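Beneath this line is the structure, given in structure tokens, with notes to follow.
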Amino acid sequence: MGLSCANNVATPLLDQVRSPDDLKRMDQATLCRLATELRQETLRVVSETGGHLGSSLGVIELTVALHAVFDTPRDIVIWDVSHQSYPHKILTGRRGKMKSLRKKNGLSGFTRRQESAFDPFGAAHSSTSISAGLGFATARDLKGEEGHVVCVIGDGAMSAGMAFEAMNNAGQSGRRLIVILNDNDMSISPPTGALSDHLASMRNDAAGTAGNLFENFGLHYHGPVDGHDLASLVPLLTELKALETGPILLHLVTKKGAGYAPAEQAADRYHGVNPFDIETGIQVKAPATAPSYTRVFAEALISEATRDDRIVAITAAMAAGTGLDRFGGVFPDRTFDVGIAEQHAVTFAAGLAASGMKPFCAIYSTFLQRAYDQIVHDVALQNLPVRFAIDRAGLVGADGPTHAGAFDVLYLANLPGFTVMAASDEAELVHMVATAAAFDQGPIAFRYPRGEGTGAPMPSSGVALPIGRGRMVERGSQVALLSFGARLGECLKARRLLALEGISVSVADARFAKPLDAALIADLVNNHAMLLTIEEGATGGFGALVLHHLANQGMLDGRCMVRTLTLPDHFIAQAGSDDMYEEARLTARHIAAAARKGLGTLRGPDIRSAPRRAGSQENPARLHRAEDR
Ligand SMILES: Cc1ncc(C[n+]2csc(CCOP(=O)(O)OP(=O)(O)O)c2C)c(N)n1
Ligand SMILES: CC(=O)[C@@H](O)[C@H](O)COP(=O)(O)O
Ligand SMILES: [Mg+2]
């Protein structure tokens with residue numbers, strides 16, 4: 001398999017492409033030159049912006065061929081995950097904006113319906129393309145319309161249950177639908193599982209004697225075909241487009257990172273990169289000032305697993321992202337990469353727990369959403385001690401709203417029997433790993449953010465925390481800040497800001513959203529004029545639980561004003577994570593402003609000089625209703 005267009009002399013053909021229609025006027029040699037330029041342009045852009053490079057480089061020829069053959073946007077092309085859609089963006093009128101890729105107010109790193117008519121379906125979580133494509137095809141047929149629907153799905157994404165559910169449906173539907181399997185024999189890490197083995201046997205089986213899963217699903221199989229051979233790809237797609245048969249599966253074999261040696265040679269094929277030097281491939285990265293939460297988690301888990309051989313770890317195709325590659329290096333037999341299969345990962349963990357093992361399911365908050373019924377039905381209902389290590393809690397930056405970890409506290413803490421923790425720094429995370437390892441009475445989760453820790457002094461080993469107990473971090477007398485998770489540092493900064501104005505602030509670290517620390521909360525409401533909860537999660541989470549608790553205890557009686565600071569009720573667009581937290585109004589400045597505003601709404605004598613006593617009865621009429629933030 002070689003790049004058929006690699007040796008052409010580059011000329012500024014791309015400058016002439018205003019829309020994919022321009023490709024339809026190009027002959028084969030010109031399309032080849034265009035592909036070469038597109039690869040260079042993709043490389044140039046991502047070397048400056050960073051992003052998902054390897055997957056985009058692997059579909060350069062396919063992107064050119066699709067836009068040359070199909071009549072987009074009237075024909076529908078859906079990119080699965082869509083982390084490989086950069087060349088598609090360049091050819092569909094967004095070339096001039098590519099330098100804003102993944103930045104604030106810039107182009108998304110994924111397809112987005114709001115961004116372009118050429119993005120008929122948004123994605124970022126994997127394995128949705130065939131389902132969505134079948135929806136488009138069905139609507140087309142019901143409306144009596146013409147047109148083609150093409151779904152491009154990777155071999156990694158193909159491993160998910162959802163892709164199989166969709167093929168099961170599509171195969172029987174008989175509808176015209178073209179599924180292009182972009183098989184580069186890579187997920188983020190090397191792919192795992194029997195499907196991957198099956199694809200390998202199909203790739204290596206020139207005689208076509210290997211069984212064919214796709215045919216058995218009712219899809220007409222074509223392939224395997226070299227996905228970089230543009231000269232063959234264009235006529236082949238033209239031929240498939242003309243077929244009146246039902247669903248088709250075209251099996252392309254490609255190389256992740258194709259045409260850029262540093263990417264082709266790297267273990268991760270430059271799946272996701274920082275800005276880099278094109279000559280050397282060396283990525284620019286600011287030196288770390290503290291270990292990442294992910295690494296701290298992995299090392300803490302290794303330490304626990306060294307002492308307890310019942311501990312096992314599960315990842316759904318995110319071994320490097322969750323740190324389980326590190327764990328797997330030490331405990332290969334106790335590490336399970338189940339592929340992009342979050343639902344299965346959770347129920348698999350439930351089975352392990354039911355057999356007396358101690359499974360740690362390490363899944364990003366956003367991807368755990370996929371497995372909600374499994375969490376409810378297979379874990380919570382049976383009260384099984386599955387440990388959920390929830391990475392990427394809160395806002396994550398350049399990947400934007402599709403990857404924000406906003407909802408896990410809501411959807412876990414409402415489940416009977418669940419224990420839910422959040423780490424305020426990396427040292428706390430070590431203790432939470434120890435807590436989860438020690439806790440065998442039911443499901444338990446701990447969440448922690450993307451990126452570096454705070455530089456907190458690290459314990460030599462984790463100590464199990466008392467369940468449902470928070471901690472007072474700084475004692476004050478007027479305003480209480482009750483933080484759940486990694487905004488604790490911002491709360492402490494807010495305390496310093498308010499101190500400059502003579503406002504005395506307590507700061508507490510809740511540690512647990514469930515069970516709540518009733519004694520700590522009582523202390524805070526009884527001894528302060530105002531209580532503010534702060535969390536890196538959506539409304540309905542920790543703050544709502546505190547309000548619920550106070551209401552049920554008869555403590556929401558106006559003696560202490562209570563306000564909740566959460567993510568706002570809208571999806572926050574991509575930006576640097578600091579900027580996203582600015583927009584969410586969850587920085588020290590915003591926390592201080594909320595405290596100030598709350599205090600300002602309290603009537604009567606200067607409350608700053610009147611710290612409240614435990615159990616004191618003050619007139620609720622002292623309080624105005626504060627308007628929403
Ligand atoms: C539900 C879900 N789980 C995990 C991920 C993280 N993820 C993004 S891309 C990817 C690998 C995809 O592999 P493949 O489909 O083969 O595409 P390639 O990168 O090889 O082009 C994974 C695991 C995701 N986006 N969605
Ligand atoms: C496309 C995708 O879902 C992953 O590649 C994701 O972007 C990884 O995110 P992290 O960089 O936070 O691991
Ligand atoms: Mg792949």
Side-chain angles (χ1 to χ4, degrees), residues 50-60 62-63 79-87 102 108-111 122-130 151-163 180-193 195-196 199-200 203 227 251-258 263 268-274 285 292-294 315-325 337-346 362-371 391-400 402-405 448-451 574 577:
H52 291 102
L53 180 64
S55 308
S56 287
L57 290 179
V59 296
I60 296 287
L62 174 61
T63 307
W79 297 93
D80 205 282
V81 185
S82 74
H83 61 314
Q84 76 292 60
S85 64
Y86 303 174
R102 289 160 53 90
S108 168
F110 302 104
T111 52
H125 288 201
S126 89
S127 319
T128 60
S129 62
I130 308 177
C151 313
V152 182
I153 181 166
D155 54 313
M158 189 57 107
S159 72
M162 207 179 155
I180 300 182
L181 171 61
N182 174 38
D183 179 4
N184 56 19
D185 196 23
M186 272 296 280
S187 185
I188 291 183
S189 309
T192 58
L195 176 69
S196 170
L199 293 180
R203 283 195 303 271
H251 184 178
L252 294 188
V253 180
T254 62
K255 216 186 240 179
K256 194 161 177 170
D268 70 348
R269 310 286 192 274
Y270 280 30
H271 172 84
V273 289
N274 291 321
K285 195 161 185 250
S292 70
Y293 281 93
T294 299
T315 171
M318 301 300 285
T322 57
L324 288 194
D325 54 349
D337 181 348
V338 299
I340 306 181
E342 288 80 5
Q343 297 114 309
H344 162 67
V346 169
I363 299 183
Y364 289 10
S365 168
T366 190
F367 301 141
L368 191 60
Q369 290 161 196
R370 277 262 159 113
D391 203 328
R392 282 20 175 214
L395 302 173
V396 296
D399 273 344
T402 55
H403 282 58
Y448 44 98
R450 184 179 200 274
Q574 84 215 8
S577 54

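Keep in mind that this is a model prediction, so the values were computed, not measured. In listed order, ligands and their atoms are each counted from 1.
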For the Mg ion (ligand 3), does an N/O/S atom of Asn184 lie at less than 2.8 Å?
-> yes
Could you pull out, from Glu342, Gln84, His83, the option with a heavy atom nearest to atom 3 (N) of ligand 1?
-> Glu342
Note: ligand 2 atoms sitting under 4.0 Å from heavy atoms of Arg450 are 10 (P), 11 (O), 12 (O)
A student checking ligand 1 against His125 at a 4.0 Å heavy-atom cut-off should list atoms 25 (N), 26 (N)
Considering all heavy atoms of both residues, which atom of Leu181 and which atom of Met158 are nearest to each other, and what is their separation?
-> CD1-CB, 4.0 Å
Would you say Ser55 has an N, O or S atom lying under 2.8 Å from the Mg ion (ligand 3)?
-> no
Could you see which bit of His52 sits under 4.0 Å from ligand 2, with heavy atoms only: side chain, backbone, both or neither?
-> side chain
N/O of Ile188 under 3.5 Å from N/O of ligand 1, yes or no?
-> no
Look at the N, O or S atoms of Asp185, main chain and side chain alike, and state whether any lies under 2.8 Å from the Mg ion (ligand 3).
-> no
Which residue owns the protein heavy atom closest to atom 5 (C) of ligand 1, what's the atom, and how far is it?
-> Phe367 CZ, 3.3 Å
Working to the nearest 0.5 Å, report the span between CG of Asp155 and CG of Leu195.
-> 8.0 Å
Roughly how far apart are Ser55 OG and Met186 CE, rounded to 0.5 Å?
-> 8.5 Å
Tell me, which protein residue and heavy-atom name are nearest atom 25 (N) of ligand 1, and how many Å apart are they?
-> Ala124 O, 2.8 Å
Is there a heavy atom in Gly58 that sits closer than 4.0 Å to ligand 1?
-> no
Atom 3 (O) of ligand 2: which protein heavy atom is closest, and how many Å away?
-> His403 NE2, 2.7 Å
CG of Asn182 to CG of Leu62, rounded to nearest 0.5 Å, is 6.5 Å
Thr63 versus Pro87, closest heavy-atom pair with distance = CG2-C, 3.8 Å
Arg203 and Asp185 ion-paired at < 4.0 Å | yes
Taking only heavy atoms of Ala317, which atoms of ligand 1 are found under 4.0 Å from at least one of them?
-> 23 (C)
May I ask which of Met318, Met158, Gln369 has a heavy atom nearer to atom 6 (C) of ligand 1 than the others do?
-> Met318
From OG (Ser159) to NE2 (His344), nearest 0.5 Å | 10.0 Å
Atom 26 (N) of ligand 1 [closest protein heavy-atom partner, distance rounded to 0.1 Å] = Ser126 N, 2.9 Å
Report, in ascending order of atom number, the atoms of ligand 1 lying under 4.0 Å from any heavy atom of Ala157.
-> 14 (P), 15 (O)
One should read off an interatomic distance between Asp80 CG and Cys151 SG, to the nearest 0.5 angstrom, of 8.5 Å
Close-contact set for ligand 2 against Phe367 heavy atoms, below 4.0 Å = 3 (O)
Provide the closest heavy-atom pair for Ala317 versus Ile188 in the form atom of the first, atom of the second, distance.
-> O-CB, 4.3 Å
So is there a nitrogen or oxygen of His271 less than 3.5 Å from a nitrogen or oxygen in ligand 2?
-> yes
Taking every non-hydrogen atom, the tightest pair across Thr128 and Arg370 = CG2-NH2, 3.4 Å
Write down the atom of Ala319, the atom of Ser189, and the distance for their closest heavy-atom approach.
-> CB-OG, 4.4 Å
Quick one: which ligand 2 atoms are inside 4.0 Å of a heavy atom on Asp399?
-> 6 (C), 7 (O), 8 (C), 9 (O)
In ligand 1, the atoms that come under 4.0 Å of a heavy atom of Asn184 are 18 (P), 20 (O), 21 (O)
Report the relative orientation of the aromatic rings in His125 and Phe367; use parallel for angles under 30°, tilted for 30 to 60°, perpendicular for over 60°.
-> perpendicular
With a cut-off of 4.0 Å, which atoms of ligand 1 are near a heavy atom of Arg370?
-> 1 (C)
Please report which non-hydrogen protein atom sits nearest to atom 13 (O) of ligand 1, along with the residue it belongs to and the distance in Å to one decimal place.
-> Ser187 CA, 3.5 Å
If you measure from NE2 on His251 to CD1 on Ile180, what distance do you get to the nearest 0.5 Å?
-> 12.0 Å
Hey, is Asp391 close enough to Arg450 for a salt bridge, meaning N to O under 4.0 Å?
-> no
Would you call the rings of His52 and Tyr86 parallel, tilted or perpendicular, where under 30° means parallel and over 60° means perpendicular?
-> tilted
Does the N or O separation between Ser55 and ligand 1 drop below 3.5 Å for any pair?
-> yes
Atom 10 (P) of ligand 2: of His83, Arg392, Arg102, His125, the nearest heavy atom sits on Arg392
Where is the nearest protein heavy atom to atom 13 (O) of ligand 2: which residue, which atom, and how far?
-> Tyr364 OH, 2.6 Å
What protein heavy atom sits nearest atom 16 (O) of ligand 1, and how far off is it?
-> Gly156 N, 2.7 Å
Distance-only side-chain donor-acceptor flag, Arg392 / Thr294, under 3.5 Å | yes
Side chain, backbone, both or neither: which part of Val396 has a heavy atom under 4.0 Å from ligand 2?
-> neither
Which is the closest N/O/S atom of Asp155 when seen from the Mg ion (ligand 3)?
-> OD1
Before signing off on this row, confirm whether His403 and ligand 1 have an N or O atom pair separated by under 3.5 Å.
-> no
Taking atom 23 (C) of ligand 1 as the reference point, the nearest protein heavy atom with its distance | Ile340 CD1, 3.5 Å
Can you see which heavy atom on Leu324 is nearest to which on Ala362, and at what distance?
-> CD1-CB, 3.8 Å
Under 4.0 Å to a heavy atom of Gly154 - the qualifying atoms of ligand 1, by number = 14 (P), 15 (O), 16 (O)
